[in-house]
S.K.: 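Starting off with a structure, shown below.
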Amino acid sequence: QVQLLESGGGSVQAGGSLKLFCRASEYTGSHYACMGWFRQAPGKEREGVAIIYSWDGRTYYGASVKGRFIISQGSIANTVYLQMNSLKPEDTAMYYCGADSVMCGLHGPESNLSIWGQGTQVTVSS
């Protein structure tokens with residue numbers, strides 16, 4: 001079964017940057033329609049961070065990260081990056097990569113993507 005594999009998490013001071021990477025464990029012969037990043041901090045609900053559609057590169061960002069984070073597709077199919085700049089302590093969370101063959105959304109039913117990774121921890125200290 002195909003899995004999503006995240007990497008790039010770690011600890012950084014406020015104002016710093018990190019770049020997350022996500023790839024599918026194997027190529028199935030088709031592209032996901034969209035991939036995205038979500039995060040969840042202890043005691044909080046999952047939050048949509050950013051999504052990108054593969055066929056036209058459309059991107060969508062959560063309000064709390066817009067202007068600081070950039071989502072981009074990798075050069076290899078079914079890979080995605082998340083460049084995180086000007087990090088704040090409130091960005092501390094487990095970050096999950098998700099993908100879907102039809103539709104992605106930051107909120108509501110469209111945020112229930114069909115495949116997820118195990119997550120990578122991001123910790124921002126003040």
S.K.: Do L82 and F69 come within less than 4.5 Å of each other through their side chains, counting heavy atoms only?
M.R.: yes

S.K.: Is there a continuous path of hydrophobic side-chain contacts, each under 4.5 Å between heavy atoms, that joins V49 to V124?
M.R.: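 Looking at the clustering, V124 is in the same group as V49.
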
S.K.: Just so I know, are the side chains of R68 and K88 near enough to count as touching, which here means a heavy-atom distance under 4.5 Å?
M.R.: yes

S.K.: Which of these passes side-chain contact (heavy atoms from CB on, under 4.5 Å) with C34: V102, I51, D100?
M.R.: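 Of V102, I51, D100, side-chain contact (heavy atoms from CB on, under 4.5 Å) with C34 is met by D100 alone.
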
S.K.: Determine whether a donor-acceptor pair (N or O, by modelled atom type, separation under 3.5 Å) exists between the side chain of S25 and the backbone of L4.
M.R.: no

S.K.: Is M35 reachable from V2 through a run of I, L, V, M, F, W or Y residues, each pair having side-chain heavy atoms under 4.5 Å apart?
M.R.: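 Looking at the clustering, M35 is in the same group as V2.
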
S.K.: Below 4.5 Å, heavy atoms only, C-beta onward: do S7 and L20 meet side chain to side chain?
M.R.: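 No, every pair of side-chain atoms sits at 4.5 Å or beyond.
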
S.K.: Would a 4.5 Å heavy-atom cut-off, applied to side chains only, mark T123 and V12 as touching?
M.R.: no

S.K.: With no hydrogens and no angle check, is any side-chain donor or acceptor of Y61 less than 3.5 Å from a backbone partner on I71?
M.R.: yes

S.K.: Do V122 and T92 come close enough that some side-chain heavy atom pair is under 4.5 Å?
M.R.: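 Contact flag for V122/T92 side chains = no.
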
S.K.: Looking at every heavy atom in both S125 and P89, which two are closest together, and how far apart are they?
M.R.: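 Shortest heavy-atom separation between S125 and P89 comes out as C-CG, 4.5 Å.
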
S.K.: The criterion is side chain to side chain contact (heavy atoms under 4.5 Å, CB included); which residues satisfy it with S72, sequence neighbours excluded?
M.R.: Y81

S.K.: Measure the CD1-CG distance between I70 and N85 for me, rounded to the nearest 0.5 Å.
M.R.: 6.0 Å

S.K.: Do N112 and E110 have side-chain N/O donor and acceptor atoms under 3.5 Å apart?
M.R.: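 Judged by distance alone, the side chains do not pair up.
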
S.K.: Tell me whether Q118 at atom CD has more than 12 heavy atoms from other residues, nucleotides or ligands lying less than 6.0 Å away.
M.R.: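 No - once you tally the heavy atoms of other residues, nucleotides and ligands closer than 6.0 Å, there are 12 at most.
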
S.K.: Can you confirm if the aromatic rings of F38 and W116 lie within a centre distance of less than 6.0 Å?
M.R.: yes

S.K.: Do Q121 and S11 have side-chain heavy atoms sitting under 4.5 Å apart?
M.R.: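 Q121 does not reach S11 side chain to side chain.
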
S.K.: Look up atom NE2 in H31 and atom OG in S101, then write down how far apart they are to the nearest 0.5 Å.
M.R.: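 Rounded to the nearest 0.5 Å, the NE2-OG separation comes to 12.0 Å.
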
S.K.: Would a distance-only check, ignoring hydrogens and angles, find a side-chain to backbone donor-acceptor pair under 3.5 Å from S17 to L87?
M.R.: no

S.K.: CZ/R46 to NE2/H107 distance, rounded to the nearest 0.5 angstrom?
M.R.: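 NE2 of H107 is found 11.5 Å from CZ of R46.
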
S.K.: Is any side-chain heavy atom of D91 closer than 4.5 Å to a side-chain heavy atom of M84?
M.R.: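 The answer is no; the side chains never approach within 4.5 Å.
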
S.K.: Go through the steps for Q73 and I52 under the test side chain to side chain contact (heavy atoms under 4.5 Å, CB included), then give the verdict.
M.R.: CA-CA 8 Å; Q73 299 182 86; I52 186 167; 3.5 Å; yes

S.K.: Going by distance alone, is a donor N or O of one side chain under 3.5 Å from an acceptor N or O of the other, for R39 and T120?
M.R.: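 Judged by distance alone, the side chains do not pair up.
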
S.K.: How far does SG of C22 sit from CG of N78, to the nearest 0.5 angstrom?
M.R.: 9.0 Å

S.K.: Do C104 and Y60 come close enough that some side-chain heavy atom pair is under 4.5 Å?
M.R.: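 Side chain of C104 against side chain of Y60, heavy atoms only: no contact under 4.5 Å found.
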
S.K.: Are W37 and Y32 connected in the hydrophobic side-chain network, where two residues link if heavy atoms are under 4.5 Å apart?
M.R.: yes

S.K.: Is there a path of hydrophobic side-chain contacts, each under 4.5 Å between heavy atoms of I/L/V/M/F/W/Y residues, joining M94 to I115?
M.R.: no

S.K.: List the atom of S126, the atom of A14, and the distance in Å for their closest heavy-atom pair.
M.R.: CA-CB, 4.3 Å

S.K.: For E26, I'd like to know if atom CD has over 12 heavy atoms of other residues, nucleotides or ligands within 6.0 Å.
M.R.: yes

S.K.: Under the rule for salt bridge (Lys or Arg N to Asp or Glu O under 4.0 Å), what residues qualify as partners of E6, not counting sequence neighbours?
M.R.: none

S.K.: Mind checking whether L106 and M103 sit in one hydrophobic cluster, side chains of I, L, V, M, F, W, Y counted as touching below 4.5 Å?
M.R.: yes

